[in-house]
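These notes are about the structure you will find just below.
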Amino acid sequence: SKDSPGIPSGYIALGKYIGQDFAIIKSSLRKEIADALSLDERVIDVQEVNIEKSDLDTVTATIYLNTIEGQVILTGEVNL
């Protein structure tokens, strides 16, 4: 297993989440992150995307991927 330093910024436009319920944000972010990463030819499979609220306007994402290099775990904070 390899650990990556973090999620690259700029993958997702986040302004649409302002004022939304966290359950909606969480579901939508999971799908958008998985969709964005599936476009990367190095990614074989997006195994799991965990989204946890870490502050009023911040979430922490942990993403488990199967890649051509093996299993990779990405973690990072996303400011909404």
From [atom1] ([X]) to [atom2] ([Y]), nearest 0.5 Å:
X     : Y     : atom1 : atom2 : value
Ile73 : Gln47 : CD1   : CD    : 9.0 Å
Asn50 : Ile63 : CG    : CD1   : 9.5 Å
Asp40 : Ile68 : CG    : CD1   : 8.5 Å
Ile51 : Ile25 : CD1   : CD1   : 10.5 Å

Minimum-distance pair of heavy atoms, taken over all atoms of [X] and [Y]:
X     : Y     : answer
Ala61 : Ile33 : CB-CD1, 4.3 Å
Lys53 : Val59 : CA-CG1, 4.2 Å
Arg30 : Val49 : NE-O, 3.0 Å
Thr60 : Ser54 : OG1-OG, 3.3 Å

Quick check on the hydrophobic clustering: are Ile44 and Tyr64 connected, directly or via other members, by side-chain heavy-atom contacts under 4.5 Å?
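Different hydrophobic clusters.
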Taking C-beta and beyond as the side chain, do Leu65 and Leu37 meet within less than 4.5 Å on heavy atoms?
yes
Donor-acceptor under 3.5 Å ([X] side chain, [Y] main chain):
X     : Y     : answer
Asp55 : Asp57 : no
Thr67 : Gln71 : no
Ser38 : Asp35 : yes

Classify the side-chain pair Asn79/Glu77 by whether it contains a donor and acceptor separated by less than 3.5 Å.
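No pair is found: no donor N or O on one side chain lies under 3.5 Å from an acceptor on the other.
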